[in-house]
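A quick write-up on the structure given underneath.
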Amino acid sequence: MGVREEFDAWAADGRDRGMEERHWHTAKHALARMPVETGDVILDLGCGSGYAGRALRETRESGRVYGFDGSPKMARKARSYTEDPAIGYVGGDFDDLPFADDSFDHVWSMEAFYYAAKPENTLSEILRVLRPGGTFFCAVNYYEENIHSHDWQEFISVEMTRWSRAEYRKAFRTAGFHVAEQDTIPDREIAIPSENAFPTEEWDTREEMVERYREYGTLLTVGVAP
Ligand SMILES: C[S@@+](CC[C@H](N)C(=O)[O-])C[C@H]1O[C@@H](n2cnc3c(N)ncnc32)[C@H](O)[C@@H]1O
């Protein structure tokens, strides 16, 4: 299955909203760090339900926001959640962004970048569409140091790239970005049951669940276009 089939199926069974709910726990902290100025044009790469773009429009006075996604069903659902005329949805693949050079002030991506078939090429594409001084906020839960994410590939047909923190920094720099920041953002909201509830369907021990959410959390790497 390719990106379209895989994520169309996710959208059809409501996982767009499920992801939004879970990802929001850490995404909102990363979004709050984006240096968005009034009127800034923003691209949400792999937008899913489109919650990030809606939040930026509602809270930051951004200009136009484009949600970009390879799943037409995801994009259609995202469109159905807003009537904001300044939010648009565009379909396509991370490898070939259908935007002119220097189109955006910021690019945001949550839990999507590692699905790129050629991540180095996607970084070059992001740099191409960013204006000088523009930022790329790349947030991922699937990364090398998060050992609890290592088996995710078994459950999805799309090939995933698992980089370490250092590999993200190196790839950003090789593509031509400056790395302005790298950090992990803990998820302090997900409910962690008391000791006697373990093992659960997903977790053998409470320690593992605490480590996954409260310690490892979401890896955020911020690149700045020169
Ligand atoms: C795990 S979801 C994350 C959605 C949203 N950003 C969130 O935080 O909930 C990944 C999204 O990226 C999209 N995607 C994955 N690979 C893609 C690619 N190569 N080109 C375009 N979109 C892609 C999927 O269709 C899906 O909607």
Side-chain angles (χ1 to χ4, degrees), residues 1-34 42-57 65-82 87-99 104 106-126 128-129 136-143 146 148-149 151-163 171 185 187 189-190 213 217-221:
M1 260 203 285
V3 166
R4 181 188 181 123
E5 296 75 17
E6 177 77 43
F7 290 102
D8 270 0
W10 287 35
D13 69 17
R15 269 183 278 177
D16 59 323
R17 284 296 209 186
M19 289 191 289
E20 168 176 340
E21 206 178 295
R22 271 179 290 117
H23 297 164
W24 182 244
H25 296 177
T26 54
K28 65 181 165 195
H29 298 293
L31 285 166
R33 297 185 192 181
M34 279 179 92
I42 300 169
L43 173 64
D44 180 0
L45 205 73
C47 63
S49 76
Y51 67 90
R54 292 195 299 277
L56 288 166
R57 284 282 303 154
V65 173
Y66 291 86
F68 181 77
D69 207 286
S71 152
K73 275 207 174 88
M74 281 286 184
R76 266 201 299 279
K77 287 190 91 174
R79 186 174 287 117
S80 75
Y81 301 142
T82 181
I87 303 182
Y89 293 96
V90 179
D93 192 87
F94 293 165
D95 262 335
D96 185 14
L97 301 182
F99 303 101
F104 295 100
H106 308 284
V107 176
W108 161 261
S109 185
M110 173 78 188
E111 281 293 83
F113 176 78
Y114 50 72
Y115 292 116
K118 295 184 234 152
E120 293 87 358
N121 177 60
T122 297
L123 282 173
S124 302
E125 277 290 274
I126 294 167
R128 179 184 67 73
V129 301
F136 174 36
F137 273 61
C138 180
V140 295
N141 292 334
Y142 182 70
Y143 60 97
N146 179 9
H148 303 295
S149 69
D151 64 353
W152 293 0
Q153 178 68 83
E154 291 167 30
F155 304 102
I156 184 159
S157 59
V158 179
E159 190 79 27
M160 299 159 81
T161 295
R162 196 175 71 223
W163 282 343
I185 302 174
D187 179 341
E189 287 175 44
I190 193 158
Y213 290 105
T218 295
L219 175 65
L220 173 70
T221 307

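Starting from 1, each residue takes its place in the sequence as its number. Note that these values count all heavy atoms, side chains included, but never hydrogens, waters or copies made by symmetry. We count ligands from 1, going down the list as the structure has it; atoms in each ligand are counted the same way.
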*State the CG-CG distance between Leu97 and Asn121, to the nearest 0.5 angstrom.*
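One gets 8.5 Å once the value is rounded to the nearest 0.5 Å.
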
Should the proximity of [X] to ligand 1, defined as any heavy atom under 4.0 Å, be assigned to the side chain, the backbone, both, or neither?
| X | value |
| --- | --- |
| Phe7 | side chain |
| Ala117 | neither |
| Met74 | side chain |
| Asp93 | both |

Nearest protein heavy-atom contact for [atom]: which residue, which atom, what distance?
| atom | answer |
| --- | --- |
| atom 16 (N) of ligand 1 | Tyr115 CB, 3.3 Å |
| atom 23 (C) of ligand 1 | Phe94 CZ, 3.3 Å |
| atom 7 (C) of ligand 1 | His23 ND1, 3.2 Å |

*Answer with yes or no whether Ala27 contacts ligand 1, where contact means a heavy atom under 4.0 Å from a ligand atom.*
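No.
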
*Report yes or no: does a heavy atom of Ala52 sit under 4.0 Å from some atom of ligand 1?*
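It does not, in that no heavy atom of Ala52 comes within the 4.0 Å cut-off of ligand 1.
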
Below the 3.5 angstrom mark, is there an N/O of [X], backbone or side chain, next to an N/O of ligand 1?
| X | result |
| --- | --- |
| Gly46 | yes |
| Tyr51 | yes |
| Asp69 | yes |

*asked:* If you compare all heavy atoms of Tyr81 against all heavy atoms of Ser49, which two are closest, and at what distance to 0.1 Å?
replied: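 Between these two residues, the closest heavy atoms are CD1-O, 3.5 Å.
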
_salt_bridge(Arg54, Glu20) N-O dist < 4.0 Å_ =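 Yes, Arg54 and Glu20 are salt-bridged.
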
